[in-house]
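Order of the sequence lines fixes the chain letters, A, B, ..., with proteins taken first and strands second; residue numbering starts at 1 for each chain.
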Protein chains: 2
Amino acid sequence: MVRAGLDAESVVRAGAELADEIGFEQVTPSELARTLGVRTASLYSHVRNAHDLRTRIALLALEELADEASAAIAGRAGRDALGAFADAYRDYALRHPGRFAAARYRLDPETAAASAGPRHSRLTRAILRGYDLDEPRETHAVRLLGGFFTGYVELEGAGGFSHSSPGSQESWTEILDALDSLLRNWPAPS
Amino acid sequence: MVRAGLDAESVVRAGAELADEIGFEQVTPSELARTLGVRTASLYSHVRNAHDLRTRIALLALEELADEASAAIAGRAGRDALGAFADAYRDYALRHPGRFAAARYRLDPETAAASAGPRHSRLTRAILRGYDLDEPRETHAVRLLGGFFTGYVELEGAGGFSHSSPGSQESWTEILDALDSLLRNWPAPS
DNA sequence: ACGTTTGCCTAATAGTTTTAGGCAACTTAG
DNA sequence: CTAAGTTGCCTAAAACTATTAGGCAAACGT
């Protein structure tokens, strides 16, 4: 019998691949086993259960996303860094819709804390160093950016901006300009 | 045999209720049947299949959300309307996490077009009337707000802002002030 | 009261998730 | 180069889930 030669990592990687093709929700042990050409039960040596499989795909996606964002902002600052970071995020989502959905899979608190999630906040903070915001404003700004990137890309992926003009790319650029301007002129607290 | 007296509407309503309790992803025909005290097969007279059940819950949630947002902005304008709208959104999500997740369920284009989704855009546009933005800026602003509300609430729900100060409520208010200021001073196109 | 509608049931089929135990394909050490 | 150990995959089996078909009786309109 010829072995497929799988291990935990290759299984999760194949799961991520599959997610991009058929959607994260549709990634199940049985479906994944089918595409790998093995019996469903065989996956259980590499992954604890369906939830564990999804969790590992989520962790992989968070890591990849942080890596790409990190590379994108290296050597940049201000509006330049903001644009590069935002584009890294959006490009990843468009290129890997299933992985991006995975990145929003609900993790239990301990897993989330040990994930690349916190790295995302740190990267966002790094960008904000180019704008001098004091605390707590910097934290507000991190949350504004994180929320906006997440939500915009989700709505775009759901087709919310198709069939209407202007195109999504134009809105994206203009909104980044607007946010850049806001970060440079954050209003005084009321 | 005592009947439960269900019909399509009550089944969907119970499904929404269940979603808030155990999470939208976990709402399945069998789980719903269990809570309703009927056999799984019985639900199939009211709902075509599992996907149809979820779609109907999504449509209900979109409708409810639009109703609440609409009521919230009645008689308000400017920062006042913006805050009321945003709070309606966020309050709904905190009060009904399962329904809110349902509202982001991927609908096929025709269903989406016939849903309350477009009403959400119209409501957002109504708010923006208080700020005079010309096209295409108004569209950009709709997308900025829609994206931000969606994403912020999602991250908050996932626990992204717990265990760190300042509290989420403070960020929320400050960010709304900041967005209000941005809408009044949207930068000229580059 | 009568027929119609409809809400729910049982029965059956096909597929998914997960556990247990086994064997053969590789790997490593003597 | 063989013996021992590890590991990757398999079959078998139990417990669910999704879905279809057909039937009966409760409720409803006349």
Side-chain angles (χ1 to χ4, degrees), chain A residues 1-61 98-99 101-102 105-108 111, chain B residues 1-61 98-99 101-102 105-108 111:
Chain A
M1 182 138 312
V2 185
R3 293 206 198 184
L6 303 174
D7 60 5
E9 196 187 316
S10 58
V11 164
V12 172
R13 197 154 245 105
E17 211 60 51
L18 184 60
D20 287 334
E21 283 161 27
I22 65 172
F24 180 63
E25 303 297 321
Q26 274 63 68
V27 175
T28 57
S30 65
E31 191 63 42
L32 182 53
R34 210 170 292 129
T35 75
L36 286 171
V38 298
R39 296 313 181 105
T40 306
S42 305
L43 293 185
Y44 285 77
S45 338
H46 308 298
V47 151
R48 220 186 324 283
N49 52 37
H51 176 251
D52 182 42
L53 169 63
R54 284 195 253 257
T55 298
R56 285 169 189 244
I57 297 174
L59 294 174
L60 172 69
R99 281 158 147 106
Y105 187 61
R106 287 289 170 99
L107 304 174
D108 54 295
T111 313
Chain B
M1 182 140 310
V2 185
R3 292 207 198 186
L6 303 174
D7 59 6
E9 196 187 315
S10 57
V11 164
V12 172
R13 196 154 245 107
E17 211 61 51
L18 184 60
D20 287 334
E21 283 160 28
I22 64 172
F24 180 63
E25 303 298 320
Q26 275 63 72
V27 176
T28 57
S30 64
E31 191 63 42
L32 182 53
R34 210 171 292 127
T35 75
L36 286 172
V38 298
R39 296 313 180 103
T40 306
S42 305
L43 293 185
Y44 285 77
S45 338
H46 307 299
V47 152
R48 221 188 322 285
N49 51 38
H51 176 250
D52 182 42
L53 169 63
R54 284 195 254 257
T55 298
R56 286 170 189 243
I57 296 174
L59 293 175
L60 173 68
R99 282 158 147 105
Y105 187 60
R106 288 287 171 101
L107 305 173
D108 54 295
T111 313

Listed pairs under 3.5 Å, donor-acceptor, residues 14-21 of chain B side chains, sequence neighbours left out:
unit_1, atom_1, unit_2, atom_2, d
B/Asp20, OD1, B/Gly98, N, 2.9
B/Asp20, OD1, B/Arg99, N, 2.9
B/Asp20, OD2, B/His96, ND1, 2.9
B/Asp20, OD2, B/Arg99, NH1, 2.7

Computed from five pairs at either end and rounded to 10 degrees, the angle between the axes of the helix from C/dG3-D/dC28 to C/dG30-D/dC1 is 20°
If you compare all heavy atoms of A/Arg54 against all heavy atoms of A/Thr28, which two are closest, and at what distance to 0.1 Å? NH1-CG2, 4.4 Å
From A/Leu43 CG over to A/Leu53 CG, what is the distance, rounded to the nearest 0.5 angstrom? 7.5 Å
Scan nucleotides 13-23 of chain C nucleotide by nucleotide, 5' to 3', and note B when protein non-hydrogen atoms come under 4.0 Å of the base, S if they reach only the sugar-phosphate, - if neither. ---SSBB----
Gap between atoms CG and P, on B/Asp52 and D/dA18 respectively (whole Å): 14 Å
Using ring-ring contact (aromatic ring centres under 6.0 Å, His included) as the criterion, list what pairs up with A/Tyr105, not counting sequence neighbours. A/Phe24, A/His51
Minimal non-hydrogen separation, A/Arg56 against A/Ala8, with atom names: NH1-CB, 3.8 Å
Could you pull out the closest heavy-atom pair between A/Ser42 and A/Ser45, with the gap in Å? O-OG, 3.0 Å
Which residues satisfy the side-chain contact (heavy atoms from CB on, under 4.5 Å) test with A/Ser10, sequence neighbours excluded? A/Leu6, A/Asp7
How many Å lie between CZ on B/Arg39 and C1' on D/dC16, as a whole number? 14 Å
Go through the side-chain N and O atoms of B/Asp52 and B/Thr55 and say whether any donor and acceptor fall under 3.5 Å apart. no
Are side-chain heavy atoms of B/Thr111 and B/Leu59 found at a separation under 4.5 Å? yes
Got a list of protein N/O to nucleotides 6-8 of chain D N/O distances below 3.5 Å?
unit_1, atom_1, unit_2, atom_2, d
D/dT7, O2, A/Arg3, NH2, 3.2
D/dG8, O4', A/Arg3, NH1, 2.3

Quick one: closest heavy-atom pair of A/Ala102 and A/Ala58, and the distance? O-CB, 3.1 Å
